[in-house]
> 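Sending over a structure as structure tokens; questions will come in a sec.
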Amino acid sequence: MTGLLMRAIPALTILLAVLTPPNALARDDAVRPLVVAALEGKGEQATLSKSAEFAFEVVRPEKPNGQTMVLLHGSGGNETSLVKLASRIAPHATLLGIRGRVTQDGRTRWYKRLDPVTFDQDDVRAESQAFASFLGRTALELDIDLSRTVFLGYSNGANLIAATALLHPGLVRKAALLRPMSVLDRPPTPALAGASLLMIAGETDSTYAPFAPALEELLESCGAAVDARIIPSDHMIGEEDARIVAEWLATPAGD
């Protein structure tokens, strides 16, 4: 019967909601998904799932300095993907790694994409809102001082941080964005004076690097202090990124 319905109504979306207690989050076995199956693209079946909450991991150093670094992975990553990199950047910071709620075609993401550089605008805004709400609750539960928080995001995660800075001004005060681009078609232009952002693009990242200047211009037009770098790299990140972010955080503007 389901097959007949799918053929009869090509745009049909089937939504199955599984209720989750409001405080059940964090671990993999505590995440119960909302599952969406839809027909997209050229008549092929694509799958999109969205967890009810954000999975996360907290890593506390032996000698914490009171700073927290919030980590947002790239496509296909999870809450642990940036932990090693962040530990090299800020060895005395508490690390809060968070996993995006969206899984599209088997890859974990922060929002639904339509193609590599085009994104579902409603989903970007909805996931940014969900992330902002989650972070506010979690900061209280974990006794995290958001005024001393640095956001570190890679690719898809960096884009969500930039979108959140614009959609929820005041939440993102410091952020290092690795291989970012703007994902909002009609972004707001809030006052971001006092926000400090580092952007690192890869010189040979032919898909995403061309979009970085537009994001830099947008953030600066809102009053944010933006330090934009281009390094000899592709879309992948590594030791050079860690070195630059660590040095940036050690400067008066980054610290």
Side-chain angles (χ1 to χ4, degrees), residues 67-75 77 81-82 85-86 88-90 93 100 109-111 113 116-119 124 128 131 146-255:
Q67 186 182 72
T68 300
M69 185 170 281
V70 177
L71 315 177
L72 277 69
H73 61 80
S75 297
S81 297
L82 295 179
L85 184 74
R88 293 197 291 273
I89 293 170
R109 297 183 50 79
W110 287 94
Y111 45 79
R113 81 173 190 176
V117 294
T118 309
F119 311 96
V124 172
S128 175
F131 171 72
L146 289 178
S147 69
R148 299 196 63 191
T149 294
V150 178
F151 292 80
L152 175 68
Y154 167 50
S155 188
N156 189 234
N159 300 344
L160 194 279
I161 293 171
T164 300
L166 294 165
L167 294 168
H168 304 279
L171 181 61
V172 178
R173 296 177 176 87
K174 295 184 182 68
L177 311 177
L178 311 181
R179 313 301 185 269
M181 64 172 290
S182 178
V183 295
L184 293 169
D185 290 346
R186 292 183 296 278
T189 55
L192 296 181
S196 180
L197 302 122
L198 171 68
M199 294 174 49
I200 305 178
E203 186 176 20
T204 59
D205 184 2
S206 58
T207 301
Y208 298 98
F211 294 93
L215 177 59
E216 176 188 1
E217 181 179 351
L218 171 61
L219 293 170
E220 286 184 333
S221 72
C222 295
V226 181
D227 184 347
R229 314 280 186 96
I230 300 176
I231 64 174
S233 174
D234 53 17
H235 195 64
M236 301 303 290
I237 56 176
E239 291 298 329
E240 181 68 1
D241 295 280
R243 182 189 66 80
I244 292 172
V245 177
E247 289 181 355
W248 176 73
L249 287 175
T251 64
D255 191 12

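All residue numbers refer to positions in the sequence shown, counting from 1. All of these numbers come straight from a predicted model, not from anything done at the bench.
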> Side-chain atoms of residues 163-170: list all donor-acceptor pairs with protein atoms under 3.5 Å, sequence neighbours left out, distances to 0.1 Å.
unit_1 : atom_1 : unit_2 : atom_2 : d
Thr164 : OG1    : Ser128 : OG     : 3.0
Thr164 : OG1    : Leu160 : O      : 2.8

> Flag the pair Phe131 / Leu72 as yes when at least one side-chain heavy-atom distance between them is below 4.5 Å, and no otherwise.
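Yes. Closest side-chain heavy atoms under 4.5 Å.
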> I'd like to check Leu85 versus Val245 (side-chain heavy atoms, cut-off strictly below 4.5 Å). Are they in contact?
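They are not in side-chain contact.
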> When you compare the side chain of Leu152 with that of Leu178, does any pair of heavy atoms fall below 4.5 Å?
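They are in side-chain contact.
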> Does the pair Glu247/Arg243 count as a salt bridge with the N-to-O cut at 4.0 Å?
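So Glu247 pairs with Arg243 through a salt bridge.
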> As an exercise, state the distance from CD1 of Ile244 to CE of Met199, rounded to the nearest 0.5 Å.
13.0 Å
> Hey, does Arg179 have a side-chain heavy atom less than 4.5 Å from the side chain of Ile200?
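Ile200 vs Arg179: side chains touch.
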> Taking salt bridge (Lys or Arg N to Asp or Glu O under 4.0 Å) as the test, write out the residues that go with Arg109, two or more places apart.
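So Arg109 forms no salt bridge (Lys or Arg N to Asp or Glu O under 4.0 Å) with any residue.
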> Take Ile237 and Leu82 through the test side-chain contact (heavy atoms from CB on, under 4.5 Å) and record every step on the way to the result.
CA-CA 10 Å; Ile237 56 176; Leu82 295 179; 4.0 Å; yes
> Are Leu198 and Arg229 close enough that some pair of their side-chain heavy atoms sits under 4.5 Å apart?
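Leu198 reaches Arg229 side chain to side chain.
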> Check each of Val70, Thr68, Leu71 against Phe151 using the side chain to side chain contact (heavy atoms under 4.5 Å, CB included) test, and report the only one that passes.
Val70
> List the steps, then state whether side-chain contact (heavy atoms from CB on, under 4.5 Å) holds for Asn156 with Tyr111.
CA-CA 8 Å; Asn156 189 234; Tyr111 45 79; 3.0 Å; yes
> I'd like to know whether Leu249 forms a side-chain contact (heavy atoms from CB on, under 4.5 Å) with Met69, so could you lay out the CA-CA distance, the side-chain angles of the two residues, the decisive distance to 0.1 Å, and finally the verdict.
CA-CA 11 Å; Leu249 287 175; Met69 185 170 281; 3.8 Å; yes
